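Data block below; observations after.
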Number of protein chains: 2
Amino acid sequence: MSIITPKQGTLADIASHRLAHSIVTGELAQGQKLNEAELAERFGMGRGPLREALRHLEGIHLVKRIPNAGARVVVLDYKTRSDLYAIREALEGMACRLAATQMTPEEIEQLSRLLDTHEKQIQQQGNGGCYGQSEGNLDFHYQIVLGSRNEMLMRILGSEQYQLLRMCRFQTSRNAQRTSPALQQHRHIVEALAQRDGELAEMLMRRHIQGAWRSIIESQYKEEA
Amino acid sequence: MSIITPKQGTLADIASHRLAHSIVTGELAQGQKLNEAELAERFGMGRGPLREALRHLEGIHLVKRIPNAGARVVVLDYKTRSDLYAIREALEGMACRLAATQMTPEEIEQLSRLLDTHEKQIQQQGNGGCYGQSEGNLDFHYQIVLGSRNEMLMRILGSEQYQLLRMCRFQTSRNAQRTSPALQQHRHIVEALAQRDGELAEMLMRRHIQGAWRSIIESQYKEEA
DNA sequence: AATCTTTTAATTGTCGACAATTTAAATTGT
DNA sequence: ACAATTTAAATTGTCGACAATTAAAAGATT
């Protein structure tokens, strides 16, 4: 929630954010046709700004536009999600390696405290805490991306892939048994960062993401090919 | 040239491509203000489609928009270019590793023939052949990305980073002395692909990109910090 | 009854005009 | 002459209406 800036500048920006939210949460089904007039009516604005919003969402690949045939919500099939996680592994691994040399001691300490918070949240609510799939989990990953000091990486991972990732979360049945392993892995990563061991941090992050992906495909190898 | 589809669908798409070309080639200077009315006039269209084009270009990060203050061409400073090459190293390395297991023998053979063509071109024109910075070089890299079979990777590397990379090329003074080393490295990469050695192919590609980056910063460590 | 053609409706693409905001210029005051 | 304030120009943001294209429905023909 803290990552995407809910800026309320132009109407196009507002529409873009509202649409992005609706798409990510599944409120707008995947593959659904997006009618310009209908959406403009619902958002209380003209079609101009809404079209600009659609063009922007097309840029960050949340919708797919076909000339003279309108825009549709993207469909996250198995292949797409698989590709997504493969890229995350490479990019977040790289972020981790860079973060090990770039993050300040204060930031690493702060990261550690973030994990403390997560641990308490899990213990309190006990059952429903599907940490591996939670939003807090994303915060952890994002903080490391910020620590890489690579702005282009922040863009790609933060603004674009992040949305698709959240979309995966909302369509995936959350399995709670990966809660403590994920937190444990996070702790190890922070430890590697504190020791300034970039190579180890990268490897741990890559394994962590691989584990998350395995967890996803294991918990739903019933549907789709 | 074969990568970006010069599709001529809606006016917004046309404007988007024309603007992208002007930006990449440096015809529109970095940081330059993009006046909507003026551009719409020049392209012979209304401001509506042009605004949509700007929104699209904002999505692929060729222009930077500020609400109520217009759009400007992005500026590729040292840090940005450095970040770009760091990401390329991670992503194209990954593409290479995947391509080693995914490309068909025919595709690898075709890649080898592409290098033969490049070699002849270099020998013919002799001097001006700054291969390391040429467009043909990009074709080689793109073919490997296609071979990775990761569509999201093709998107990121092909549509977005590719534009920024070409932009770097146009602003960088081309140095011809890196011609034969680059071709040589390409040959080694193809060899690794033919042997289905993904790890080696990745390492070779990473070094190749590192070399390209070093070549750039060495040939112009006069300007900017 | 099924298929092809024609007509109709719906949706997207485009333009021009107006409102709101920002930037530049001119004016005024010290 | 310099600074702050006010005024004017330019630019962006927004809307509504019309044209072009596509999708759907009605009708005709075998």
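These figures come from a predicted structure and were not determined experimentally. Protein chains get the first letters and strands the later ones, always in sequence-line order, with residue 1 at the start of each.
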Value in whole Å for how far the P atom of C:dT12 lies from CG of A:L34:
9 Å
Nearest heavy atom decides the nucleotide; on that basis, is A:P67 or A:L11 closer to the 5' end of DNA chain D?
A:L11
Please report, rounded to the nearest Å, how far the P atom of D:dG16 is from the CZ atom of A:R47.
12 Å
For a ring-ring contact (aromatic ring centres under 6.0 Å, His included) check, start with the C-alpha distance between A:H141 and A:H208, then their side-chain angles and the critical distance, and finish with the verdict.
CA-CA 11 Å; A:H141 286 254; A:H208 174 60; 5.2 Å; yes
Rounded to whole Å, please give me the gap between CD in A:E52 and P in C:dT12.
16 Å
Locate the shortest heavy-atom distance separating B:I156 from A:I87; write the atom from each residue and the value.
CD1-CD1, 4.1 Å
From CD of A:E41 over to P of C:dA10, roughly how many Å is that when rounded to an integer?
16 Å
Sugar-phosphate only, base, or nothing, as touched by B:L50 at under 4.0 Å among non-hydrogen atoms:
nothing
Rounded to the Å, how far apart are B:F43 CZ and C:dT14 P?
14 Å
Would you say C:dT12 has OP1 or OP2 under 4.0 Å from some side-chain N or O of A:R51?
no
If you look at every strand shown and take non-hydrogen atoms under 4.0 Å, does A:G48 touch a base, only sugar-phosphate, or nothing?
nothing
Assign each of A:P49 and A:N68 the nucleotide of DNA chain D bearing its closest heavy atom; nearer the 5' end lies the nucleotide of A:P49
Mind calculating the distance between CG (A:N35) and C1' (D:dA23) to the nearest angstrom?
13 Å
Quickly work out the B:R65 CZ to D:dT11 P distance and round it to whole Å.
17 Å
Quick one: is A:K33 getting a side-chain N or O under 4.0 Å of the D:dT22 phosphate, OP1 or OP2?
no
Test A:D13 against A:S16 for side chain to side chain donor-acceptor pair (under 3.5 Å), laying out the working first.
CA-CA 5 Å; A:D13 292 326; A:S16 180; 5.9 Å; no
Indicate yes or no: does A:E151 engage A:R155 in a salt bridge with an N to O separation below 4.0 Å.
no
Step by step, would you call B:D83 with B:T80 a side chain to side chain donor-acceptor pair (under 3.5 Å)?
CA-CA 5 Å; B:D83 289 357; B:T80 304; 6.0 Å; no
Both distances under 3.5 Å, Watson-Crick or G-U wobble: report the partner of C:dT30, or none.
D:dA1
In whole Å, what is the span from the CD1 atom of A:I66 to the C1' atom of D:dA23?
14 Å
Nearest-neighbour nucleotide for the B:M45 side chain, C:dT12, C:dC15, D:dG13 considered
C:dC15
